[in-house]
Amino acid sequence: MPSLTLGDFELSIFSDGTYPLDGGAFFGVVPKIMWSRKVTADQRNYVQAGLNSLLIRTGKQNVLVETGMGSKLSERMIKFYGQPAQLLANLAAAGIAPENIDIVINTHLHFDHCGWNTIRDKDGKIVPTFPRAKYYAPEGEWQYARHPSERDAISYIPDNYDPLVQSGQITLLKGGEEIVPGISVKTFPGHTAHMQAVIVESAGRTACYISDLIPTTAHIDLTWGMSFDLYPLQTIESKKQYYAKAIQEKWLTVFTHDPATPWAYVEKDEIGKMAARKV
Ligand SMILES: [Zn+2]
């Protein structure tokens, strides 16, 4: 489990496992002859995608950003994605029980980002996985998720969030809020209209969980977006905005779907090409 210190905070990556994604869909309009230099595809053209959650130990709270794919997938979805579901075991191996999580933040509500928000108990009832936690998610995402388009309806599983909205355990965010001192959210439209990145600042250092705006280190070029993005031109604008801050101020970027490099510094080389400098 990769860990590092950011100012007074300790940051760790916990994975929910990996899952296969069609390489063409993952890289949108980028030709395979280009993306296959960065990632390998199997005979069916699938590449492996990671499911990286970020745990921030502030000294006062344990804050978990994103909860992977979880354990409630339908049979049909398991056929496509398998059932990785390793997040709780990986947290437990580091001595972290669900009761130890104080805050859960979802950047958006696609099923591979909030799957462990809830679990089915013995009687089949949907209950919060992290019983003591306060949950946070973008309000616009939740509104959209109630009436998604035909194109991305499959990505929204109401059991991941509706029970928490009904019980009041989740707080819906407009974007821009500070959740605890040093941890705030900012809306970056493109992948969805309301996706929020999580910005972590401590003692003059900054990290950002940029989520599906830049899902892996192979996606750092401005025009390398996923075909899942609902607003591809906004993805490019949001990436420009992000890089203007993140490169200048040397932010650590956390990549949600990169199975090999969960975090890196994005830099611009002499010819203006983006590169990921490993930690
Ligand atoms: Zn997504």
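When reading the values below, keep in mind they use all heavy atoms of this one structure, side chains included, and skip hydrogens, waters and symmetry mates. Read the numbers this way: they start at 1 and go in the same order the structure lists the ligands and their atoms. Here the structure is a predicted model, which means the values were calculated and not measured.
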Novice: State whether D102 and R132 are salt-bridged, where the test is any N-O pair (Lys NZ or Arg NE/NH1/NH2 against Asp/Glu carboxylate O) under 4.0 Å.
Specialist: yes
Novice: Under 3.5 Å, is there a donor-acceptor pair linking the side chains of D258 and W263?
Specialist: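 Absent: no donor and acceptor within the cut-off.
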Novice: Listing by chain and number, what protein N/O/S atoms are under 2.8 Å from the Zn ion (ligand 1)?
Specialist: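 Correct list: H108 NE2, H110 ND1, H191 NE2, D212 OD2.
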Novice: Residues in side-chain hydrogen bond (donor to acceptor under 3.5 Å, both in side chains) with D8, at least two apart?
Specialist: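 So D8 forms no side-chain hydrogen bond (donor to acceptor under 3.5 Å, both in side chains) with any residue.
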Novice: Taking the cut-offs as 6.0 angstrom to the six-membered ring centre and 45 degrees off its axis, would you call R37 and W35 a cation-pi pair?
Specialist: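 Checked: cation-pi criterion not met.
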Novice: Can you list every pair that meets side chain to side chain donor-acceptor pair (under 3.5 Å) and has a residue in residues 269-279, with sequence neighbours left out?
Specialist: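 Checked against side chain to side chain donor-acceptor pair (under 3.5 Å) - neighbours excluded - the pairs reaching residues 269-279 are E267-R277.
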Novice: Salt bridge (charged side-chain N to carboxylate O under 4.0 Å, His left out) with R44: which residues, sequence neighbours excluded?
Specialist: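 Residues passing salt bridge (charged side-chain N to carboxylate O under 4.0 Å, His left out) with R44: D42.
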